[in-house]
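Worksheet for the structure shown next.
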Amino acid sequence: MTLPEITIRSATEDDAAAIRTLVETSFGTRYDPPELERVPRLFPQEQAIVAVERGRLVGHVQSTTMTVTVPGERTVEVCGIAGVGVAPTHRRRGILRAMYTEQHRRIEAAGLPLTMFTASEGGIYGRFGYGPATRENAVGIDRRFAEFLPCVPNPGGVTLCEPSEARAAAEAIYDRWRRVIPGAQVRPAANWDILFDDPQRFRHGGSDLFALLHADGYALYRFHRHDRLTAAEVVEMRTVTGEAHAALWRTLLGLDLVQRVEAVLTDHDPLPYLLTNPRLVRTTARYDGLWLRLMNLPVALSARSYAGELDVVLAVSDPFRDVGGRFALRVRDGQALCEPTTRAADIELGIDVLGSMYLGAVPARVFAAANRLRVKNSARLHAMDDAFRAERDAVLGWFF
Ligand SMILES: CC(C)(COP(=O)(O)OP(=O)(O)OC[C@H]1O[C@@H](n2cnc3c(N)ncnc32)[C@H](O)[C@@H]1OP(=O)(O)O)[C@@H](O)C(=O)NCCC(=O)NCCS
């Protein structure tokens with residue numbers, strides 16, 4: 001689609017007020033004053049792209065380079081995209097597509113092998129080659145009935161403290177945690193500032209933050225009052241040992257006067273299996289966190305390590321950027337060699353499917369069952385599943 005009236009260009013300082021209005025309108029929220037200073041530190045304004053019609057700003061996308069962990073405890077520099085909005089007066093006429101075309105041209109020129117973001121809606125981004133790459137389960141636990149099994153450690157070691165006192169220790173624990181968790185990013189100071197500023201718009205009527213600290217983990221949570229029943233919402237919990245996980249959950253599930261504890265767990269969080277009644281950990285919603293796209297297949301596929309040997313030719317389709325084609329992927333001792341090839345393909349798939357498989361969140365066989373990954377030889381499908389499996393569940397480290 002051509003957009004004769006629309007100019008796509010880099011943002012300048014003069015655009016700041018119009019960007020704020022557009023982003024606040026797009027997401028239906030107002031930034032609290034401290035956030036206004038923090039966000040440009042996370043996403044440098046000069047790196048943002050805007051769409052302008054006759055001098056008026058009608059579209060915006062911002063980005064920054066992030067260091068993210070991939071399977072095998074390796075890190076990769078990737079592009080993180082955020083703040084995507086098109087004015088409600090100008091939607092569905094190709095402005096997002098035009099901004100994304102320019103954004104991805106720049107990412108390619110910068111040589112970053114992966115891009116990622118969090119998505120407001122699930123139906124928009126497959127066409128741009130993105131697949132959901134982490135899975136999250138919102139759970140509610142009626143803690144009044146929660147009992148730990150006798151075999152579960154009761155190590156103690158949790159201290160109550162004010163969030164400001166917990167911050168330095170939490171930063172150090174997060175940094176240990178993110179080094180081993182696929183999908184977790186290095187966290188900049190500006191994002192820690194926002195977390196501990198605890199803006200009103202994040203509270204949804206709840207209290208300000210409370211903190212629990214252990215040598216190998218922390219939990220930040222808030223209370224919600226509905227009539228006389230109170231819920232505790234775990235806003236962020238990171239643990240690097242099973243002991244810290246058990247100790248913090250024992251404390252959270254010991255919060256007398258609270259009926260319900262709410263948290264977000266990955267698929268393989270052990271919490272249900274610490275309890276005599278695992279069904280108490282009720283999943284109330286299930287959603288994606290991170291969306292991921294491969295920009296340079298040989299570089300991206302060689303960046304992570306693999307859990308099994310592999311020798312396949314992938315035919316990857318990429319209608320958006322056309323970086324697909326046929327690639328030979330050979331894995332030995334966990335290490336991949338990936339290069340373009342003219343050999344016949346064993347497996348056909350979209351680049352969005354590869355995005356969902358990259359951190360190990362969705363196995364190849366699930367996409368094969370959906371006919372989004374086509375393979376003639378089932379042994380190759382099993383080999384793909386084995387190889388792409390990650391040792392730990394992928395998690396979005398900090399939301400952006
Ligand atoms: C989402 C948003 C950015 C789309 O902008 P837009 O300029 O209307 O999008 P475009 O016209 O360029 O559409 C690009 C493609 O995405 C599709 N698309 C756009 N919005 C969609 C939606 N909400 N659901 C499904 N498909 C959508 C279009 O049909 C189009 O498809 P095609 O190019 O394959 O034909 C805009 O609606 C918006 O600002 N929404 C509110 C804020 C938001 O959700 N931002 C995204 C944060 S991740």
Side-chain angles (χ1 to χ4, degrees), residues 1-11 15 17-31 35 39-40 42-43 45 47-54 56-64 66 68 78-107 114-136 183 185 191 194 201-202 285 287-293 295 317-324 350-353 355-356 372 396-400:
M1 185 189 294
T2 55
L3 300 165
E5 307 276 318
I6 305 288
T7 305
I8 306 291
R9 62 161 171 80
S10 295
D15 295 316
I19 289 175
R20 178 179 166 189
T21 302
L22 178 72
V23 173
E24 288 183 344
T25 305
S26 296
F27 294 100
T29 186
R30 292 279 187 209
Y31 287 119
E35 267 187 290
V39 173
L42 283 177
F43 294 95
Q45 190 146 300
Q47 214 171 303
I49 294 172
V50 291
V52 178
E53 183 190 56
R54 289 191 289 275
R56 289 199 79 82
L57 198 128
V58 293
H60 170 258
V61 48
Q62 64 197 13
S63 65
T64 192
M66 295 179 178
V68 65
V78 314
C79 178
I81 298 177
V84 176
V86 169
T89 50
H90 284 70
R91 288 186 179 152
R92 308 301 180 271
R93 51 180 97 165
I95 293 177
L96 169 65
R97 185 171 275 279
M99 292 192 302
Y100 255 35
T101 301
E102 175 59 13
Q103 172 76 69
H104 287 77
R105 188 194 63 71
R106 292 185 188 188
I107 297 166
L114 293 164
T115 37
M116 59 190 213
F117 53 60
T118 58
S120 60
E121 292 186 67
I124 308 175
Y125 295 107
R127 60 172 54 72
F128 296 116
Y130 287 81
T134 65
R135 295 191 295 193
E136 300 178 350
Q185 322 98 298
N191 185 261
I194 293 172
R201 71 191 187 96
F202 293 164
Y287 35 82
D288 50 76
L290 198 62
W291 288 63
L292 189 135
R293 185 197 141 91
M295 296 297 294
S317 58
D318 177 20
F320 178 49
R321 295 301 297 166
D322 204 19
V323 301
I351 199 164
D352 55 335
V353 168
S356 285
R372 291 179 58 192
L396 172 65
W398 56 275
F399 179 86
F400 63 100

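Counting starts at 1 for both ligands and their atoms, following the listed order.
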Please identify each residue that fulfils side chain to side chain donor-acceptor pair (under 3.5 Å) with R127, with sequence neighbours left out.
-> none
Look only at the side chain of R293 and the backbone of F128, and say whether a donor-acceptor pair between them is shorter than 3.5 Å.
->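 Yes: the side chain of R293 pairs with the backbone of F128.
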Can a salt bridge be assigned to the pair E53 and R56 using a cut-off of 4.0 Å between side-chain N and carboxylate O?
->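 Judged by the 4.0 Å cut-off on N to carboxylate O distance, E53 and R56 do not form a salt bridge.
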Can you name the residues that form a ring-ring contact (aromatic ring centres under 6.0 Å, His included) with F43, not counting sequence neighbours?
->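 Counting only residues at least two positions away or on another chain, F43 forms no ring-ring contact (aromatic ring centres under 6.0 Å, His included).
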For ligand 1, what are the residues with a heavy-atom contact below 4.0 Å?
->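 Shell around ligand 1 (4.0 Å, heavy atoms): S26, F27, V84, G85, V86, R91, R92, R93, G94, I95, L96, R97, T118, A119, S120, E121, G123, I124, Y125, R127.
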Under 3.5 Å, is there a donor-acceptor pair linking the side chains of R106 and S10?
-> yes
Scan the side chains in residues 115-123 for donor-acceptor partners under 3.5 Å anywhere in the protein, sequence neighbours excluded, and list what turns up.
residue	atom	partner	partner atom	Å
T115	OG1	Y130	OH	2.9
T118	OG1	F400	O	2.6

